[in-house]
Amino acid sequence: MNYLFREIEKRWQKYWKSSQIFKGETHSKKPKCYVLDMFPYPSGAGLHVGHPLGYIASDIYARYQRSQGYNVLHPMGFDSFGLPAEQYAIQTGQHPNVTNETNIQRYKEQLEELGFSFDWSRELRTSDPSYYRWTQWIFLQLFNSWYDQSLSKARSIDEIIKIFEKQGNLKIKASGDKIEPFNADQWSGFPWKRKNEILQNYRLAFRSETIVNWCPALGTILSNDEIKEGKSERGGHTVYQKKMTQWSMRITTYAERLLKGLDQIQWPEALKETQRNWIGKSFGAKISFSILDKPSLNIEVFTTRPDTIFGVSFMVLAPEHSLIGEISTSEEKKSVEEYLQASKKRSERERLADTKSLSGVFIGAYALHPFTKEKLPVYVSDYILAGYGTGAVMAVPAHDERDHRFAKKFELKIKRVIHGGDDVQKQAYEAKEGQCIHSDFLNGLNVKEAILKAIEKIEEKKLGQRMINYRLRDAVFSRQRYWGEPIPIYYKKGIALGIPQENLPLCLPDIDKYLPTEKGEPPLQRAAYWAWDEKGQKIVSNELIDDKNVFPLETSTMPGWAGSSWYFLRYMDPENKDALINSKVEAYWQNVDLYVGGSEHATGHLLYSRFWHKFLKDQGYVSTEEPFKKLINQGMILGDSAFIARLEKSQDFISVDLIKDQKTQQIHVDIHLLKNGNELDIEKLKEWRPEYAQAKFIMKDGKFFCKRKVEKMSKSKYNVINPDEICKQYGADTLRMYEMFLGPIDQTKPWNIRGISGIHQFLRKFWRLFYTKERFYVESTPPSYEALKILHRTVKKIKEDIPRFSFNTSISAFMIAVNELNAIKCNNREVLEPLVIIIAPFAPHIAEELWMRLGHKNSVSFAPIPEYNERYLMEEMIEYPIMFNGKLRFKMNFPSEIDEENIKKTILKHPQTEKYLGKRNIIKIIFISKKIVNIVL
RNA sequence: GCGGGUGUGGUGGAAUUGGUAGACACGCCAGACUUAGGAUCUGGUGCCGUAAGGUGUGGGGGUUCGAGUCCCUUCACCCGCACCA
């Protein structure tokens, strides 16, 4: 009768694998439910106990939905392009695919051991040419599209050509940089090259010279979300600013839709807020300031506070601003030049580091105030960002903190125009409250009214217009790396052209070394066959490049987020060779009903996926506006790191309890090197790190202790606990339930093995319910009312908990049920069988085993979830807490149907009442049916 | 600095609508049992107190018959953004 979990779990894992019962049906009359996990990058370290947290939760949900009668799509795959495999390839010369294959096998084994109900027939890998063929295909669609702002929709580039042929670009409202206007005749007169340059400006995948975050140590550029505090997120290398021509994605054109869509989806509020901040919408005005003695030139600024226009006392331009050269005077030219040079050298990190002291120089020019015609000195300063707004500001020191500091430093005028706050000579008053003063036509208006009035006036006088600005930047799309999708582009006379779709995939070529070339070009430059034969429609040797028929191919590759931005669609139709996805299949599965993953993807993956999805919708390939209807974040699991202390400037280590005033460095050591709690096994350490073989260890009583600290579980911190060890010891069902029992799914929590035995014992107890005298035996006779009550209460609780993802409370409900059924010695089939069904999503192996032993031939995975009957949830007797002035004094039982008056009477007669009443009078009695009685004195 | 989140026993946590704070589990204490099994069973366990009782959800204040829950204020920690005009 022992619960032999090893044997049981092996049997059912084998069965699930061979029977393929978790295959999502492509054509089904059942309602669909798409449950997805963020697919992992297959790193060499394998899974640790933090990974499965989300997988377990989604698996419970998927299994529950199957039992509820849904056709569930629950796939898994691998985000297999990425840096670690490439880094390893650089070091060892081994092709990244080899490393990948090994790692993926390990991951799959680990995932199977945990009993997940994945549909492995749909497994995909982003580095597989049959997959990235379609990533490249989407890229070409973006390349061949422009955004029509009047329709709020992406359209084919062929259509814009037709429009140009008819009317030039005079009427068109499209996303792109400002371009000289041209009419239809001019368009048809443009040479081929010019036409293509113009089109380039409208494409959603386009090349642009951008200031990028160049990381020489990684040999690549990084996106903003890959940088943490000025250093690369991976490896912590220094990042520099560099101008480069790069592929970009016009995500900014979708800013408004990305923002609006957030209201339609059920995501954690924190995550939505992060995206809102990242998109950073602000409303204001664009205002032109003319320049003294240069009537043809204007400085355009963006401001969210046009109400403070009469408080402007100077102007500031970003160092990259294009007008600086033209308008700075000869006297100031030298100091301006010096300043620009100096600010170029300052890395982003330095610029961010000292936000307190502002630098800048006067450039000699003056702008004219649009209303007062006052002379406003123009400065250049790197506190102005070239990439935001227009790269220039009208400075209002009285009402903007940074402008204030700048004004103080350069002794510029500070003019109050909003009433409120302290002395503006000492401190800026930034609040958007108060009435306008010294502001001509704005006087007396409050800030909100004044903003609108000012814009109205500005538009009326043609000085500018209202403007909505976004903080969101276009996404840089190229990487100077090997291990990514090749960008399907070739260059004809310097013009980028797409490889015809029929020729995809453009496969990654083999190269001798995975490093950049000596000249610093991307690794693909090393490929001998990396040229496009336009006529022959094939890849040929570089030697054949003649710029007539054979042209060089693009050598940068796509970023990590390319493949992950649409993989959820491919799972719906993974084998399709003719299309990204069949439209009928798409119409059925639509989008993801539940997406589970980490919140760290808030501004990367989750934003890019939404962007691509919206684009594909515009193109008619998908029917939904949002890819992930509901999303939950699993919390981080923290590990208990161990450190050894090294005395500074020495090779001597000191036991943590002996440290007094000495300065020490803390060095992470693998937690598996510890014994008896915090004691270090020095021999094991020396094996692990041979460089410490000769080190001296200062010990107390022959023991050496480590310092512990709870921090994020990660390979680099050597605090990783693998699920394999726990599976071996307690089984997958125990691990699954234990991880869920740890607390709310979305909360960060430390990993602690201490409580796991409780779960294991619970499963044993559950198992024993089915045994009498060492034999499997269940009664067919009707169960007691008490037993039915326990069952129905539990079913109700679980049905309420699962949709809320409150799995920790479900588990405690199971525990209560098993404890109570055990106490009344219930072994009725009528009670135990439904219990097996409802516990199956949580502990599927034991459930399958018991289900089989109960005599069923089919898997428990599709057995319908039992219904509960309210009849069994009624209590005949209610225990009322009797409170005096809100304090619980004693308890009394009453039949649930008894009326209020009767209860009050009985309570007042109770001897305890007299005691608590004393000489005081009752003011009133609060009676809440089936809850409490409170006597107010 | 801005935005978001979290604070409850020795520990993980529960309390879904303002209604018995600490469910369930770990740990600990006491006991029973013995085919010595990662056993099982019984009882106890927030804190102070022998007890009556008092006290208690980060701190302070408020609303209410009644507050972990609502409001104000304050502190600590975590996450995200950060010269965004």
Side-chain angles (χ1 to χ4, degrees), chain A residues 2 224-225 228-229 268-278 280-282 284 301-305 308 316 318 351-352 354-356 358 381-385 387-396 399-403 405-406 430 469-473 599-600 602-603 633 635-636 638 729-730 738 741-744 746-762 764-765 768 797 800-801 804 806 808-816 819 822 879-891 923-928 930-937:
Chain A
N2 278 338
N224 287 332
D225 53 285
K228 297 282 174 273
E229 291 163 17
E269 207 39 54
L271 194 63
K272 290 204 229 180
E273 204 52 38
T274 305
Q275 289 210 345
R276 284 191 195 107
N277 291 340
W278 192 261
K281 181 180 183 175
S282 53
V301 300
F302 169 70
T303 178
T304 55
R305 296 294 301 274
T308 62
V316 195
R351 267 170 80 159
L352 290 175
D354 55 61
T355 56
K356 285 276 137 49
L358 298 177
S381 169
D382 61 14
Y383 85 87
I384 303 304
L385 304 175
Y388 186 77
T390 59
V393 300
M394 57 175 223
V396 185
H399 304 289
D400 181 281
E401 222 253 276
R402 291 151 309 157
D403 294 350
R405 269 190 277 130
F406 196 83
E430 293 191 292
N469 200 51
Y470 299 92
R471 202 186 69 106
L472 185 71
R473 297 274 81 88
S599 57
E600 65 271 22
T603 53
N633 289 131
M636 226 181 350
L638 307 177
Q729 208 177 141
Y730 295 100
Y738 182 60
F741 192 57
L742 239 30
D746 54 354
Q747 236 161 66
T748 300
K749 50 209 148 223
W751 177 256
N752 196 327
I753 197 70
R754 275 213 305 266
I756 201 162
S757 60
I759 294 283
H760 193 67
Q761 272 159 37
F762 155 73
R764 297 165 68 99
K765 242 189 240 180
R768 277 205 308 272
K797 176 78 177 144
E800 283 167 359
D801 280 351
R804 298 192 290 138
S806 177
N808 54 331
T809 53
S810 304
I811 291 166
S812 87
F814 283 129
M815 287 173 167
I816 293 168
N819 286 344
N822 201 36
E879 188 188 51
Y880 279 91
I882 313 300
M883 303 169 116
F884 290 77
N885 279 345
K887 280 190 179 145
L888 173 70
R889 293 303 179 180
F890 58 96
K891 291 172 182 179
I923 296 168
K924 62 175 162 177
I925 300 175
I926 309 277
F927 174 84
I928 309 291
K930 292 173 188 171
K931 285 272 160 67
I932 55 125
V933 178
N934 189 11
I935 298 166
V936 185
L937 301 172

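Order of the sequence lines sets the chain letters (A, B, ...), proteins ahead of strands, with each chain counted from 1. Everything numeric here is computed off the predicted structure, so don't read it as measured data.
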Contacts of A:F302 and A:T274 projected onto RNA chain B by closest heavy atom; the upstream (5') one is A:T274
Whole-Å distance, A:M636 CE to B:C79 C1', equals 8 Å
With sugar-phosphate meaning primed atoms plus P, OP1 and OP2, does A:V393 contact a base, only sugar-phosphate, or nothing at under 4.0 Å between heavy atoms? base
Assign B:G9 to syn or anti; the rule is syn for a glycosidic angle within 90° of 0 and anti otherwise. syn
Counting side-chain heavy atoms from CB outward, which of B:C41, B:C65, B:C84 is closest to A:K765? B:C41
Nucleotide by nucleotide, 5' to 3', does protein get under 4.0 Å of the base (B), only the sugar-phosphate (S), or neither (-) in nucleotides 10-23 of chain B, counting heavy atoms? -SBSSSB--BB--B
Indicate yes or no for a side-chain donor-acceptor contact from A:D403 to the backbone of A:V396 under 3.5 Å, with no hydrogens or angles considered. yes
Rounded distance in Å between the C1' positions of B:A85 and B:C78: 30 Å
Strictly by Watson-Crick or wobble contacts shorter than 3.5 Å, is anything paired with B:A32, and which nucleotide is it? B:U40
For the pair made of CD in A:E273 and P in B:G5, what is the distance, rounded to whole Å? 9 Å
When rounded to whole Å, the NZ to C1' distance for the pair A:K887 and B:U55 reads 9 Å
Round to the nearest Å and state the distance from A:Y730 atom OH to B:C26 atom P. 12 Å
Sorted by position of nearest nucleotide on RNA chain B, 5' first, the leading residue of A:I756 and A:Q761 is A:I756
Find the partner of B:G27: check Watson-Crick (N1-N3 plus N6-O4 or O6-N4) and G-U wobble (N1-O2, O6-N3) distances, both under 3.5 Å, and reply none if neither fits. B:U45
Measure the spacing between CZ of A:R471 and OH of A:Y388 and express it to the nearest 0.5 Å. 9.0 Å
Would you indicate, yes or no, if B:G37 has its OP1 or OP2 atom less than 4.0 angstrom from a side-chain nitrogen or oxygen of A:R768? no
Decide, yes or no, whether a salt bridge links A:E800 with A:K797 under the criterion of side-chain N to carboxylate O below 4.0 Å. no
d(NE2, A:H760; C1', B:U40) in whole Å: 14 Å
What interatomic distance, in whole Å, is found between P of B:U63 and the corresponding atom of B:C79? 38 Å
Would you mind classifying the nucleic acid contact of A:N469 as base, sugar-phosphate or nothing, using non-hydrogen atoms under 4.0 angstrom? nothing
Can you tell me the distance, in whole Å, between the CE atom of A:M394 and the C1' atom of B:C84? 15 Å
What's the shortest heavy-atom distance between A:F302 and A:G389, and which atoms? CB-CA, 4.2 Å
Quantified in whole Å, what is the C1' atom distance between nucleotide B:C81 and nucleotide B:C70? 30 Å
With rounding to whole Å, what would you report as the distance between B:U42 and B:C26 at their P atoms? 13 Å
Roughly how far apart are A:Q729 CD and A:S757 OG, rounded to 0.5 Å? 10.0 Å
When both hydrogen-bonding distances must be under 3.5 Å and the geometry is Watson-Crick or G-U wobble, what is B:C2 paired with, if anything? B:G80
Please give the distance between the C1' atoms of B:C28 and B:U35 as a whole number of Å. 30 Å
Does a side-chain N or O from A:N819 land closer than 4.0 Å to OP1 or OP2 of B:A25, or not? yes
Using the P atom on both, measure B:G46 against B:A51 and round to a whole Å. 13 Å
In whole Å, measure the gap between the C1' atoms of B:G13 and B:A25 for me. 9 Å
Between A:R471 and B:A82, does any side-chain N or O lie under 4.0 Å from OP1 or OP2? yes
Of B:A82, B:A85, B:G53, the nucleotide closest to the side chain of A:R889 is B:G53
Please state how far atom CZ in A:R473 lies from atom P in B:A82, giving the value in whole angstrom units. 11 Å
When rounded to the nearest 0.5 Å, the distance separating CG of A:L271 from OG1 of A:T603 is 9.5 Å
Counterpart base for B:G66, defined by Watson-Crick or G-U wobble contacts under 3.5 Å: none
How many angstroms lie between NE2 in A:H760 and NZ in A:K765, if you round to the nearest 0.5 Å? 13.0 Å
Spell out, as yes or no, whether a donor-acceptor pair under 3.5 Å connects the side chain of A:N934 to the backbone of A:G886. yes
Could you check whether A:E430 pairs with A:R402 (Lys NZ or Arg NE/NH1/NH2 to Asp/Glu carboxylate O, under 4.0 Å)? no
CD1-OH distance between A:I753 and A:Y738, expressed to the nearest 0.5 angstrom: 6.0 Å
What's the gap between B:U64 and B:G19 when it is taken at their C1' atoms, as a whole Å value? 12 Å
Hey, does the side chain of A:R402 come within less than 4.0 Å of B:C84's phosphate (OP1/OP2), counting only N and O? yes
Please give, in whole Å, the distance from B:C65 P to A:F927 CZ? 19 Å
